[in-house]
Number of protein chains: 2
Amino acid sequence: MVRSADIAKAIAHPARIAILKMLAQRNTCFCGDITEVLPLAQSTVSQHLKALKSAGLITGKVEGVRTCYCLNTAGIMELKSTLSELSNELVETCC
Amino acid sequence: MVRSADIAKAIAHPARIAILKMLAQRNTCFCGDITEVLPLAQSTVSQHLKALKSAGLITGKVEGVRTCYCLNTAGIMELKSTLSELSNELVETCC
DNA sequence: ACATTTAATCGTAAAATTACGATTAATACT
DNA sequence: AGTATTAATCGTAATTTTACGATTAAATGT
């Protein structure tokens, strides 16, 4: 319940969804790549990345002066299963 | 993107998830039923119900002095499809 | 060595969320 | 008519979120 809520919270912002989709498309991104695309300051993007990371949805590996961000397979799988379980639980009984 | 975020936001709180699950189990609830179960004040529960309603996930029909709350089939279906689309988009490319 | 680049962190402000008690409005009961 | 019940709304406080610019730390390039 709390875990589902935390996962939902992680994707409960358009910027964070945009970041996840960008990572899905490009496979990897540096913070700067995202800052270029989103209408947000670098520090704000960094903050969203931190949120996604601590929710376990992405990983960040330092590569020299930059950090290479990736989707975290395990976390994304958990997101998928957790939310689809919840959805199914609700759909079953509402129809 | 914004819609996905709004739907996620609606379920981004344990109390709101609990309310949805309760509605799934019992089919219908009055505000008082929920207040009995959750460790929250009536006004707080009412607030969460309002949030779920304006996200389109539940309906509330006034029945005399009480309001009968139900899962909103269309909204729940949208939740399911929106979140599973997003999940799939992310899973595909992270594995 | 020194300047540049990159991203994290800090400090802070504004807005939104969460929670509560009190009040209100509407209906039902006596 | 008067009381009780139910849930919405109001007012408010505390916390969290979101966003920004400035600064810092670390690595790279000159």
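Reminder, nothing fancy here: chain letters follow the sequence lines and each chain counts from 1. Bear in mind that the values here come from a model prediction, so they are computed numbers and not experimental data.
The 5' end of DNA chain D is approached more closely, in terms of each residue's nearest nucleotide, by Phe30(B) than by the other of Glu63(A) and Phe30(B). Projected onto DNA chain C by closest heavy-atom contact, Gln47(A) and His13(B) fall at different nucleotides, the more 5' of which corresponds to Gln47(A).
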Between Ile17(A) and Leu86(B), is a side-chain contact (heavy atoms from CB on, under 4.5 Å) present by the stated rule, with each step listed? CA-CA 9 Å; Ile17(A) 294 185; Leu86(B) 176 62; 4.1 Å; yes
With side-chain contact (heavy atoms from CB on, under 4.5 Å) as the criterion, how do Leu40(A) and His48(A) come out once you've worked through the C-alpha distance, each side chain's angles and the decisive distance to 0.1 Å? CA-CA 10 Å; Leu40(A) 291 172; His48(A) 283 303; 4.2 Å; yes
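Taking a heavy-atom distance under 4.0 Å as the criterion, the stretch of DNA chain C touched by chain B extends 5' to 3' from dT17(C) to dA28(C).
Proximity of a side-chain donor or acceptor of Arg3(A) to a complementary backbone N or O of Thr82(A) within less than 3.5 Å is not detected. Remark: the backbone N or O of Ile11(B) is not paired with any side-chain donor or acceptor of Arg16(B) at under 3.5 angstrom. The backbone N or O of Thr59(A) sits nowhere less than 3.5 Å from a side-chain atom of Asn72(A) that would complete a donor-acceptor pair. A distance-only check finds a donor-acceptor pair linking the side chain of Ser81(B) to the backbone of Glu78(B) [under 3.5 Å]. A donor-acceptor pair under 3.5 Å is formed between the side chain of Thr35(A) and the backbone N or O of Cys31(A).
The stretch residues 38-45 of chain B comes close to DNA chain C through Leu40(B), Ala41(B), Ser43(B), Thr44(B), each having a heavy atom under 4.0 Å from the strand.
Using a 4.0 Å heavy-atom criterion, one finds that Lys53(A) contacts no nucleic acid atom at all.
Here the C1' atom of nucleotide dT18(D) and the NZ atom of Lys50(A) are 14 Å apart, to the nearest Å. If you measure from atom NE2 of His48(A) to atom C1' of dA19(D), you get 8 Å, rounded to the nearest angstrom.
Residue Lys9(A) has a polar side-chain atom (N or O) positioned under 4.0 Å from OP1 or OP2 of dT17(D).
Across all their heavy atoms, Ala12(B) and Ala8(A) have their closest contact at CA-CB, 3.8 Å.
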